Peer 1: 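Structure in structure tokens, see below.
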There are 2 protein chains.
Amino acid sequence: MTTASHGTPRWLSDEEQRVWRAYLHATTLLEDHLDRQLQRDAGMPHIYYGLLVQLSQAPRRRMRMTELARETKITRSRLSHAVARLEKNGWVRREDCASDKRGQNACLTEEGFEVLRRTAPGHVEAVRQAMFDRLSPEQVGQLGEIMRVMAEALQPTDPNADLPWLR
Amino acid sequence: MTTASHGTPRWLSDEEQRVWRAYLHATTLLEDHLDRQLQRDAGMPHIYYGLLVQLSQAPRRRMRMTELARETKITRSRLSHAVARLEKNGWVRREDCASDKRGQNACLTEEGFEVLRRTAPGHVEAVRQAMFDRLSPEQVGQLGEIMRVMAEALQPTDPNADLPWLR
DNA sequence: ACCATCTTGTTCAACTTTCAAGAATGGTCC
DNA sequence: GGACCATTCTTGAAAGTTGAACAAGATGGT
């Protein structure tokens, strides 16, 4: 990382600067927009909604805290606070893990699932309006590929990922 | 917005879902990465750094609060708090606006500029490594266009934008 | 069994963000 | 000038986030 401080910095070209600014603007606008949409319609910020979605897709609608954190790309600390809040809402429940006494499972409650069922259509619509309704099919494909490349760069793949017996 | 709750919701296709998840993952990973990079190397979060950059590019390195907020896509409230913090660091100074007694100018101090000079290379390098070093020139162009479209959708252009005398 | 070490999840304090409310000034219309 | 509304910016409290420190349990070597 600090290799940057040595030698002549490789500045961004004009084109790259424009793209970078466009990226920052679009992503912050979208994040704000979805945060407000969900706060209004579902009573929670976007990330919390993402936690419920993730749980809803898990077997038995429950997941170990650490795995939920990993899947949603947030820290365990943040997740602890978030689940505490969602628990107060009655949308998630904690449950001791049988096989590991340190562990906790976050379980989506029936109420939590109900909230999802009620608010998912509006949220999908918001995402559509902001993104998929504006982009051509080609652009959607391009965006997907670009985002995959970026995520890969930032989340160094476990070198043993395809050697499960070594994990 | 709430038109979504009526009629059959238009769900995302499998492809669209994949793209949406990739988008969420990549953008949150990048934002976290840059936040940590800047917190470590410059002692402030990414958005605060963006404020300094914006000021550094303004005439006389100062800007009205409201304009700074508009350019950086944050609320005036948030900006007030942010500038207060940057002022404590000695990187920004407030100055009364001559022509409008309600107004304040946020001015980048010499110290603030120095912080930028010192940390910009490392930050640009981080951006490069995460984005521009991985994408082909075509992809960079595609990303720029896609982000422009999205930003436009979210930030309804002022209909009088090109009629300055009506603003 | 023992010890060192890693992992899991929580907690605390410091910091940031949001939302609603409010003080001050500007602009317009009569 | 005065009434009225809009704009600018700040404030305070509640909510959310971060990073470090911590307790408890797992793991592996000896």
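Please read all numbers here as calculations on a predicted model, not as lab measurements. Reminder, nothing fancy here: chain letters follow the sequence lines and each chain counts from 1.
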Peer 1: Would you find a donor on one side and an acceptor on the other, under 3.5 Å apart, between the side chain of A/Asp35 and the backbone of A/His46?
Peer 2: yes
Peer 1: Any protein N or O atoms within reach of nucleotides 19-21 of chain C? Criterion: under 3.5 Å, listing atom names and distances.
Peer 2:
from	atom 1	to	atom 2	distance (Å)
C/dC19	OP2	A/Arg36	NE	3.4
C/dC19	N4	B/Ser77	OG	2.7

Peer 1: Kindly state which residues belonging to residues 44-61 of chain B come within less than 4.0 angstrom of DNA chain D, counting heavy atoms of the residue only, listed by number.
Peer 2: none
Peer 1: Looking at A/Asn105, A/Val83, A/Thr109, which one forms a side chain to side chain contact (heavy atoms under 4.5 Å, CB included) with A/Val92?
Peer 2: A/Val83
Peer 1: Would the distance check show the side chain of A/Arg134 and the main-chain N or O of A/Gln129 forming a donor-acceptor pair, the cut-off being under 3.5 Å?
Peer 2: yes
Peer 1: Can you tell me if the side-chain N/O atoms of A/Arg85 get under 4.0 Å from OP1 or OP2 in D/dA15?
Peer 2: no
Peer 1: Enumerate the residue pairs fulfilling side-chain hydrogen bond (donor to acceptor under 3.5 Å, both in side chains) with a member in residues 49-61 of chain B, sequence neighbours excluded, ordered by first and then second residue.
Peer 2: A/Arg21-B/Gln54
Peer 1: Taking only nitrogen or oxygen atoms into account, show me every contact under 3.5 Å that the protein makes with nucleotides 5-8 of chain C, one pair per line with its distance.
Peer 2:
from	atom 1	to	atom 2	distance (Å)
C/dT7	O2	A/Arg102	NH1	2.4
C/dT8	O3'	A/Arg64	NH2	3.2

Peer 1: Test of understanding: with salt bridge (Lys or Arg N to Asp or Glu O under 4.0 Å), list the residues that count as partners of A/Glu145, not counting sequence neighbours.
Peer 2: A/Arg148
Peer 1: Check whether A/Arg128 reaches the backbone of B/Arg10 with its side chain - one donor and one acceptor, N or O, closer than 3.5 Å.
Peer 2: yes
Peer 1: For A/Asn89, what residues pass the side-chain hydrogen bond (donor to acceptor under 3.5 Å, both in side chains) criterion, not counting sequence neighbours?
Peer 2: none
Peer 1: Reading DNA chain D from 5' onward, which residue's closest nucleotide shows up sooner: B/Val83 or A/Gly43?
Peer 2: B/Val83
Peer 1: Check whether A/Val115 and A/Val124 end up in the same hydrophobic cluster, where Ile, Leu, Val, Met, Phe, Trp and Tyr are linked by side-chain heavy atoms less than 4.5 Å apart.
Peer 2: no
Peer 1: Salt-bridged, A/Glu15 to A/Arg18, with N to O below 4.0 Å?
Peer 2: yes
Peer 1: Reckon B/Arg40 has a side-chain N or O less than 4.0 Å from the OP1 or OP2 of D/dG19?
Peer 2: no
Peer 1: Check this for me, if you would: do A/Glu67 and A/Arg70 make a salt bridge, where the nitrogen-to-carboxylate-oxygen distance has to be below 4.0 angstrom?
Peer 2: no
